[in-house]
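Report on the following structure.
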Amino acid sequence: MTDVDLEFARVRAVLDRPTLRLMSRPTSATVLAVFRTVFDRDVQYVPADRMHLQVEEHVARLQATGARVPASEQAASEQTDQDARPNGRALCREWVAAQWLVRSNSPDGDEQYSLTSHALEALSLVDALSSDRALISESRLAMIVDAVHRWAARAEPDPDVQIRRIDAQIAELQAERERLEQGAVDTVDDARMRDGYTNISDLIRQLPSDFKRVEEAVATMHRSIVEDFRQEVRSIGEILDDYLVRTDNLMEATPEGRAFEGAFELLRDDALLLRLRDDIATILAHPFADSLGAGERRAFRNTVSILRQGIEDVLAQRRQLTATLRDQIVAHDVVRDRELDAVIRSINRGLATWMDQGSARDRLPLGLLPAAAEVGTLRERFYDPDAESVPPPIEEPDDDVFEDLDVEMLRRHGGPLLTELRAALRFAEADSSVDAFHGLPDEQRRPVELFGLAHLLTGHEDFESAAHVAEHRTVRPDGSPVAFRMPTAALDADPRAGTPDTTNDEHAQEAR
């Protein structure tokens, strides 16, 4: 084969991958938009019934706007009206066959959907191409140079060269420390910080698809080993040896496996995780972060959670595979298998004898195994003394037992008083929300008021990051005190406390 034939075969194999098949269809925009809407950054699994309804609603809405939407093969064969409502179940079934969705069982036994690594990779590519950024930037080149320098230091076999490298780093850090002691601090502008944040976000965006590929590889190995158990083509010892070898190869010989091992080692280091959280908080504290949306800030802040969730999914697949191996080893009965094999062999010998003695047109009566049991009528109901006795008479309740209820008593046992809380936070002379809360009277410091306080402080940076946690002393309606610990925030920077929403308060008062 010539070079062009090899390149043609390689390109055709790449174009046949589910990722590019998802992006090259005429209805790709609709499918990717549905995936992005249903599977948010914080949603990885969706129940099957809810998924079918959401797919139908989203596809029908896009169809009404004139967008080109996918039509299931079942719908195309059964319906002739182009404006007919799409079948969400049929579409999801086709997307599972196209390797864009995975249908599995939740821990509760309910069916659910999740995106495959191919769909996650396509969504990541769309996000990367939709963002306005330069392909060559200072932060990206600096990241490449730092990575090359770090790995070159690790690859250096000469210890003297390594010592000189470390001495140079120490001298550079010492000079930087002396410069900072003199008060020379270099401020980074918003444009450069935005560029660095974009590069880091690109790397974080690739993590879910990498973890999903490892999870799919473990699931494929699980199906293969289960099939070996059922076929009994090999002994249990050979299957276990193959499982151990394939597990080592999966984690060492593939890029996804090595990434998983690296992330797993990262999560074992608590100090490194704490430093990562602090660095993320420092980046978000820069003034450039004011231009980020709420979703971008939440996704960047949840970097550690993405790592934990991806590793937990891979470990769950490995635990399921290990449980299958354990159940097969425990439930495997050699004696029963030998008895079954002896019975089958005797049946084969009997068939061979019949075939030698008879002809092709002979008929042999065969009875049912086991024979049908002849059972008469069975009683479905037996005598029950309790069913024959008369039920006891219903006692009329005494109306004097119940206390009279008034509006004030219902109000004391109702939901949070948002109007009073908002007024207390807005006009209080205290510096923090906890001090303003303690300044309220006892009837306005019920435990349920903490929910209203958290609602009013939602969106505040100090409250969201839990920078300050204080004890909030509350009083139950019966007068007993109880204390809770929750985050607090300064009152001079809370936009929600300073601008009350009277409409929501009126609706809340009418509901109470």
Side-chain angles (χ1 to χ4, degrees), residues 18-130 205-209 211-213 215-216 219 293-299 302 305-306 309-310 312-313 316-317:
T19 302
L20 293 183
R21 283 194 284 106
L22 173 58
M23 302 187 65
S24 59
R25 289 192 172 188
T27 59
S28 298
T30 300
V31 178
L32 290 174
V34 171
F35 284 169
R36 175 59 72 197
T37 304
V38 176
F39 296 94
D40 196 3
R41 297 184 184 274
D42 299 331
V43 178
Q44 294 186 355
Y45 299 95
V46 177
D49 296 337
R50 186 190 306 172
M51 179 74 180
H52 298 157
L53 293 176
Q54 289 182 342
V55 168
E56 290 182 1
E57 293 178 359
H58 296 326
V59 173
R61 180 178 181 85
L62 294 176
Q63 185 179 14
T65 60
R68 189 168 182 178
V69 299
S72 63
E73 297 179 357
Q74 178 182 359
S77 62
E78 296 178 357
Q79 299 175 357
T80 58
D81 187 3
Q82 297 295 332
D83 296 332
R85 186 175 181 86
N87 190 338
R89 183 184 298 273
L91 288 175
C92 290
R93 188 183 302 113
E94 294 179 7
W95 294 343
V96 170
Q99 301 181 22
W100 302 335
L101 287 178
V102 175
R103 188 164 184 169
S104 59
N105 292 329
S106 64
D108 298 334
D110 299 329
E111 292 184 342
Q112 61 185 5
Y113 286 101
S114 63
L115 294 177
T116 62
S117 60
H118 308 292
L120 290 173
E121 188 176 5
L123 293 176
S124 176
L125 183 58
V126 171
D127 292 340
L129 295 178
S130 61
R205 195 181 296 114
Q206 300 173 8
L207 291 177
S209 60
F211 284 124
K212 183 61 72 172
R213 277 193 287 270
E215 184 181 350
E216 292 173 354
E296 294 177 329
R297 296 170 63 91
R298 183 175 63 255
N302 293 338
S305 301
I306 294 175
Q309 184 62 41
E312 179 60 30
D313 292 340
Q317 284 289 344

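Just so it is clear, the model here is predicted, and its values are computed rather than measured.
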Is the shortest heavy-atom distance from the side chain of [X] to the side chain of [Y] under 4.5 Å?
| X | Y | answer |
| --- | --- | --- |
| Val55 | Cys92 | yes |
| Leu120 | Phe39 | no |
| Asn105 | Gln112 | no |
| Leu101 | Leu115 | yes |
| Gln54 | Thr37 | no |

ask   = Between His118 and Gln99, what is the shortest heavy-atom contact and its length?
value =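 Closest pair (atom of His118, atom of Gln99, distance): CD2-O, 3.6 Å.
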request  = Considering non-hydrogen atoms only, spot the tightest contact between Ala122 and Leu32 and give its length.
outcome  =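 Residues Ala122 and Leu32, closest heavy atoms: CB-CD2, 4.1 Å.
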For [X], side chain to side chain donor-acceptor pair (under 3.5 Å) partners two or more places apart:
| X | answer |
| --- | --- |
| Glu111 | Arg103 |
| Ser117 | Glu216 |
| Arg50 | none |

Can you list everything that forms a side chain to side chain contact (heavy atoms under 4.5 Å, CB included) with [X]? Sequence neighbours excluded, please.
| X | result |
| --- | --- |
| Ala67 | Thr30, Leu62, Thr65 |
| Thr27 | Arg25, Val31, Arg68, Pro70 |
| Ala98 | Arg21, Trp100 |

inquiry  = Quick check against the 3.5 Å criterion: does Ser28 have a side-chain atom that pairs as donor or acceptor with the backbone of Leu22?
reply    =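 Judged by distance alone, yes, a pair lies under 3.5 Å.
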Rounded distance [0.5 Å steps], CZ in Arg93 versus CZ in Arg89 =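 Atom-to-atom, Arg93:CZ and Arg89:CZ are 7.0 Å apart.
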Aromatic ring proximity Phe35/Trp95, centre distance under 6.0 Å =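 Yes - the distance between ring centres of Phe35 and Trp95 falls below the 6.0 Å cut-off.
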